[in-house]
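Here is the structure we will look at, set down as structure tokens.
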Amino acid sequence: MEFWDIYDINKKPTGRTMKRNDWCLKDGEYHLTVLGVVARPDGTFLITKRVMTKAWAPGWWEVSGGAAQAGESSYDAVLREVKEETGLDVSSAQGGYLFTYKRENPGEGDNYFVDVYRFVMDVKEEDLHLQEEETDGHMFATLNQIKEFAAQGKFLHYDSIQAAFENL
């Protein structure tokens, strides 16, 4: 069973944990998630399409990410999530942490911080080993293609992370 650390409003660990997807958080309590944008030197970005069996946002495009496990640093979590979902080891790539945003869902027990990272590396098709349970395809998309998916309402988190795709 997977556990997540519970953080306070200042993104400091409280010393308590929650079960994955338990949604027991009170207002002012948060868990930590991470997103890892993988960019290539040519200015394209690796994006993946969510499998249609996902309960939330099936078939939408996204970047790799997920929750940090209890005791896991944000950086270690993003390295793990990118590796699990794409097969890529981004630990020696250029880039790193960009910014954090916070999402509050009052009364739902699901408040969270999102640490956003960008890694720049030369990725080839043969480097990818996509997690089939999570992804139903991928593409190396231009910023304009990503904006188009976002305009269609089919790109997760775009409004919150669009700065991660700019100023490469």
Side-chain angles (χ1 to χ4, degrees), residues 1-39 45-91 93 95-119 130-136 146-147 149-167:
M1 179 170 304
E2 187 176 316
F3 286 88
W4 299 341
D5 288 322
I6 297 174
Y7 294 80
D8 68 17
I9 196 162
N10 298 310
K11 201 175 154 196
K12 302 289 182 221
T14 64
R16 296 182 297 119
T17 61
M18 64 183 278
K19 290 179 188 170
R20 174 188 177 148
N21 296 335
D22 193 16
W23 314 137
C24 63
L25 297 172
K26 297 175 181 66
D27 292 347
E29 294 180 334
Y30 305 81
H31 67 91
L32 177 63
T33 62
V34 295
L35 291 174
V37 175
V38 177
F45 300 89
L46 173 62
I47 61 172
T48 56
K49 191 173 188 180
R50 294 168 63 88
V51 292
M52 295 305 287
T53 54
K54 286 279 193 183
W56 184 65
W60 286 32
W61 291 93
E62 66 181 345
V63 297
S64 295
Q69 297 174 5
E72 185 177 42
S73 72
S74 169
Y75 182 71
D76 287 342
V78 77
L79 294 181
R80 177 182 50 77
E81 287 289 347
V82 171
K83 180 80 169 168
E84 285 176 1
E85 294 179 13
T86 68
L88 297 175
D89 178 357
V90 295
S91 61
Y97 173 81
L98 293 177
F99 58 88
T100 299
Y101 70 92
K102 176 174 58 175
R103 187 71 80 231
E104 295 178 328
N105 299 295
E108 293 180 20
D110 181 23
N111 306 314
Y112 52 92
F113 290 103
V114 182
D115 286 353
V116 180
Y117 293 78
R118 179 174 62 207
F119 301 101
L130 300 178
Q131 189 176 31
E132 292 179 14
E133 311 85 62
E134 299 278 336
T135 61
D136 185 28
I146 291 169
K147 286 180 178 178
F149 288 136
Q152 295 169 10
K154 295 187 178 190
F155 196 93
L156 279 183
H157 315 292
Y158 181 75
D159 289 343
S160 300
I161 66 169
Q162 65 186 21
F165 298 107
E166 298 167 0
N167 303 321

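Considering CE of M18 and NE2 of H31, their distance stands at 5.5 Å, rounded to 0.5 Å. Between I47 atom CD1 and T135 atom OG1 the span is 12.0 Å, to the nearest 0.5 Å. In this structure, CG on L130 lies 10.0 Å from CG on D136, to the nearest 0.5 angstrom.
By the side chain to side chain contact (heavy atoms under 4.5 Å, CB included) test, R103 is found to be paired with Y101, N105, Y112, S160, residues two or more places apart in sequence or in another chain being considered. In this structure F149 satisfies the ring-ring contact (aromatic ring centres under 6.0 Å, His included) test together with W61, sequence neighbours excluded. With sequence neighbours excluded, the residues that form a side chain to side chain contact (heavy atoms under 4.5 Å, CB included) with K102 are I9, Y30, E104, F113. In terms of the side chain to side chain contact (heavy atoms under 4.5 Å, CB included) criterion, residue partners of N10 (sequence neighbours excluded) are, by chain and number, D8, K12. Under the side chain to side chain contact (heavy atoms under 4.5 Å, CB included) criterion, S64 pairs with V82, E85, T86, not counting sequence neighbours. Under the rule for a side-chain hydrogen bond (donor to acceptor under 3.5 Å, both in side chains), D22 has no partner lying at least two apart in sequence or in another chain. With sequence neighbours excluded, the residues forming a ring-ring contact (aromatic ring centres under 6.0 Å, His included) with Y97 are Y117, listed by chain and number. Applying the salt bridge (Lys or Arg N to Asp or Glu O under 4.0 Å) criterion to R20, with sequence neighbours excluded, gives E2. Listed by chain and number, the residues in a ring-ring contact (aromatic ring centres under 6.0 Å, His included) with W60 amount to none (sequence neighbours excluded). Looking at residues two or more places apart in sequence or on another chain, you find no ring-ring contact (aromatic ring centres under 6.0 Å, His included) involving Y7.
Annotation: side chain of L88 is in contact with side chain of L46 (closest heavy-atom distance under 4.5 Å). Using a 4.5 Å heavy-atom cutoff, the side chains of W4 and N21 are in contact. Side-chain contact between L25 and I6 is present, with heavy atoms from C-beta onward closer than 4.5 Å.
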Practice problem: Would you check, one step at a time, whether the test side-chain contact (heavy atoms from CB on, under 4.5 Å) holds for Y158 with K147? | Solution: CA-CA 8 Å; Y158 181 75; K147 286 180 178 178; 3.3 Å; yes
Quiz item: Does the pair V34 and E81 meet the rule for a side-chain contact (heavy atoms from CB on, under 4.5 Å), with working shown?
Solution: CA-CA 8 Å; V34 295; E81 287 289 347; 4.2 Å; yes
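Atom CD of Q152 has more than 12 neighbouring heavy atoms from other residues, nucleotides or ligands inside a 6.0 Å radius.
A salt bridge (charged side-chain N to carboxylate O under 4.0 Å, His left out) check over residues 107-118, counting only residues at least two apart or in different chains, returns the pairs K11-D115. Applying the salt bridge (charged side-chain N to carboxylate O under 4.0 Å, His left out) test to pairs two or more places apart or on separate chains, those with a residue in residues 51-65 are R50-E62, K54-E134.
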